[in-house]
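Below is one structure, written out as structure tokens; the observations come after it.
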Amino acid sequence: MSMNSFGHLFRVTTWGESHGPALGATVDGCPPGVEITPEMIQQWLDKRKPGQNKYTTQRREADEVKILSGTFEGVTTGTPIQLMIENTDQRSKDYGDIKDKFRPGHADITYFQKYGIRDYRGGGRSSARETASRVAAGGLAREAIKAIAPNVQITGYMVQMGPHKINRDAFDWDQIEQNPFWVPDAQAATDWATYLDGLRKSGSSVGAIIEITARNVPAGIGAPVYGKLDTDLAAAMMSINAVKGVEIGEGMSAAMLTGELNADEIFMGNDGQPAYTSNHSGGILGGISTGQDIVVRFAVKPTSSILTTRKTITKSGEETEIITKGRHDPCVGIRAVPVGEAMMACVILDHLLLHRGQIGQNRGVIGPQS
Ligand SMILES: Cc1cc2nc3c(=O)[nH]c(=O)nc-3n(C[C@H](O)[C@H](O)[C@H](O)COP(=O)(O)O)c2cc1C
């Protein structure tokens, strides 16, 4: 498998398995001079960490990041940065009784068909443990972004759990950090708690939709056709485990709009810069950022590991049944929020660097010409 890297200039390679000694990210192309400490990265890993409340898996991983290379006296040197997180709560025995069975909805069957190896200890490389590496790389990307575009703010939150959507009229940024679901709507947080409690107790699971917004991204990053900012964002989000749909701005709903409704009208803002009456484009036109909020949504499927008996087959082709015991998230969407934020940070930084390389400063000036 040589497909473990993403990014053009800010290039991230993740490595490691869920039940091996450690996993991490090798980051090549981070600019020199970025102040970075393990604590700056740790805060984001703590957000993704399992076992923080009853709605996430009870695996107890410290998820403590170590920076092994690429820094000197607290700043990046421009050389490859090795980030490592040790696995401390593997408990492979939880998986012993499903050793020869393929779990429906998991990658066991396709990995085995392709590679001929069945790492039954929690999915190995397909396990969501891998996403810790991305979150570490994303923490570094956030610090590097500060040096280039200091006002960029990247925030993820859940907008739907199962059939329950947030009330957009009640959207409150300050609510996001106040509940276990990262939901910007206080009433939804209360309702979802009751809903998910019921599902969790019955051993079931549910899907979710997560929205990631990047505010204050300057106009002009991205490129036409194969270098579209939306192409890279979609690929980044789709690469997260359990993600089955990605949309940008109006996304799939754009199909239901007329041209009049979908066109974001342009006027001159008070700051003498172009402004828009709406943001159906999700902050991207022609693959290039408009300066509006960049808005990406992705759907995660319900956790496949459930306590209900499902039909499956064994490696030798016998039909059988399976119950996936062990410790699992009843809604993977919760812990996918910081993962989506990290992917947004890596892609935005990558495109800021590409922009700096090709253009430097935007060449098209809107406003009275001198
Ligand atoms: C943060 C996070 C946590 C996850 N936790 C679980 C889990 O506890 N149990 C499970 O069955 N799948 C979990 N998943 C999903 C699986 O990793 C994923 O479904 C599996 O690798 C198959 O890949 P696919 O769904 O992308 O096709 C999680 C995903 C994420 C992003």
Side-chain angles (χ1 to χ4, degrees), residues 1 3-4 14 16-19 23 44-61 63 85 87 89-91 94-95 98 101-115 118-136 138 156-158 161 180-182 196 199-200 203-210 212 234-246 297-308 310 312 322-344:
M1 259 201 292
M3 313 289 276
N4 296 291
T14 70
E17 289 81 25
S18 59
H19 289 65
L23 42 73
W44 305 110
L45 280 163
D46 288 348
K47 205 171 158 179
R48 195 213 74 103
K49 198 160 78 174
Q52 297 196 88
N53 58 57
K54 62 183 174 180
Y55 305 109
T56 60
T57 173
Q58 294 307 301
R59 256 179 95 123
R60 297 227 168 258
E61 296 279 4
D63 276 1
I85 301 153
N87 288 323
D89 187 19
Q90 291 98 329
R91 278 207 228 171
D94 277 349
Y95 299 94
I98 56 161
K101 298 178 183 177
F102 299 115
R103 296 168 299 170
H106 272 275
D108 308 336
I109 190 160
T110 49
Y111 272 42
F112 182 72
Q113 282 173 306
K114 186 175 175 77
Y115 301 107
R118 169 90 168 91
D119 184 348
Y120 54 85
R121 308 161 309 164
R125 184 76 180 141
S126 75
S127 158
R129 279 293 295 146
E130 187 273 345
T131 60
S133 309
R134 301 163 185 245
V135 172
Y157 41 90
M158 280 176 73
M161 181 188 283
F181 310 117
W182 317 111
L196 196 58
L199 275 171
R200 188 178 59 86
S204 189
S205 65
V206 72
I209 299 180
I210 291 106
I212 314 285
M237 300 306 170
M238 191 55 107
S239 76
I240 301 170
N241 315 40
V243 172
K244 286 293 172 189
V246 180
R297 268 181 305 284
F298 58 86
V300 291
K301 69 187 192 185
T303 321
S304 314
S305 311
I306 46 175
L307 289 177
T308 320
R310 301 279 90 190
T312 190
I322 190 167
I323 297 179
T324 317
K325 295 188 199 125
R327 298 154 293 163
H328 301 281
D329 292 287
C331 176
V332 297
I334 303 171
R335 293 202 302 127
V337 172
V339 183
E341 289 179 330
M343 296 310 279
M344 175 73 99

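Index from 1, following the sequence. On a predicted model such as this, the values are computed, not experimentally measured, just so you know. Ligands are counted one by one from 1 in listed order, and the atoms in each one are counted from 1 as well.
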TODO: Give the single entry among M238, R335, K301 that approaches atom 25 (O) of ligand 1 most closely by any heavy atom.
DONE: K301

- [ ] Report yes if T303 has an N/O atom closer than 3.5 Å to an N/O atom of ligand 1; otherwise report no.
- [x] no

Open item on the list: Please check whether S126 reaches ligand 1 - meaning an N/O of the residue sits under 3.5 Å from an N/O of the ligand, judged on distance alone.
Closed with: yes

TODO: Check R103 against ligand 1 and report side chain, backbone, both or neither, counting heavy atoms closer than 4.0 Å.
DONE: neither

Task: S205 to L199 - nearest heavy-atom pair and separation - done: O-CD2, 4.2 Å

- [ ] Please indicate whether any nitrogen or oxygen in S127 is less than 3.5 Å from any nitrogen or oxygen in ligand 1.
- [x] no

Open item on the list: Regarding ligand 1, does T131 bring an N or O atom to under 3.5 Å of one of the ligand's N or O atoms?
Closed with: no

Task: Atom pair CG (D329) and CZ (R335), whose distance is rounded to the nearest 0.5 Å - done: 4.0 Å

Task: Whether D329 lies under 4.0 Å from ligand 1, heavy atom - done: yes

- [ ] Provide the number and element of each atom of ligand 1 under 4.0 Å from a heavy atom of H106.
- [x] 10 (C), 11 (O), 12 (N)

Open item on the list: What I'd like to find out is whether the side chain of I85 reaches to under 4.5 Å of the side chain of R129, using heavy atoms alone.
Closed with: yes

Open item on the list: Please identify which of these residues, M343, E341, R297, meets the side-chain contact (heavy atoms from CB on, under 4.5 Å) condition with I212.
Closed with: E341

- [ ] Using a strict 4.0 Å cut-off to heavy atoms of K244, name the atoms of ligand 1 that fall inside it.
- [x] 27 (O)

- [ ] Find the distance between CD1 (I98) and OG (S305) and round it off to the nearest 0.5 Å.
- [x] 7.5 Å

Open item on the list: Quick check for you: to the nearest 0.5 Å, what is the distance between L196 atom CG and M161 atom CE?
Closed with: 4.5 Å

Open item on the list: Within the 4.5 Å heavy-atom criterion, are V337 and Y157 side-chain neighbours or not?
Closed with: no

Task: A242 N/O to ligand 1 N/O under 3.5 Å - done: yes

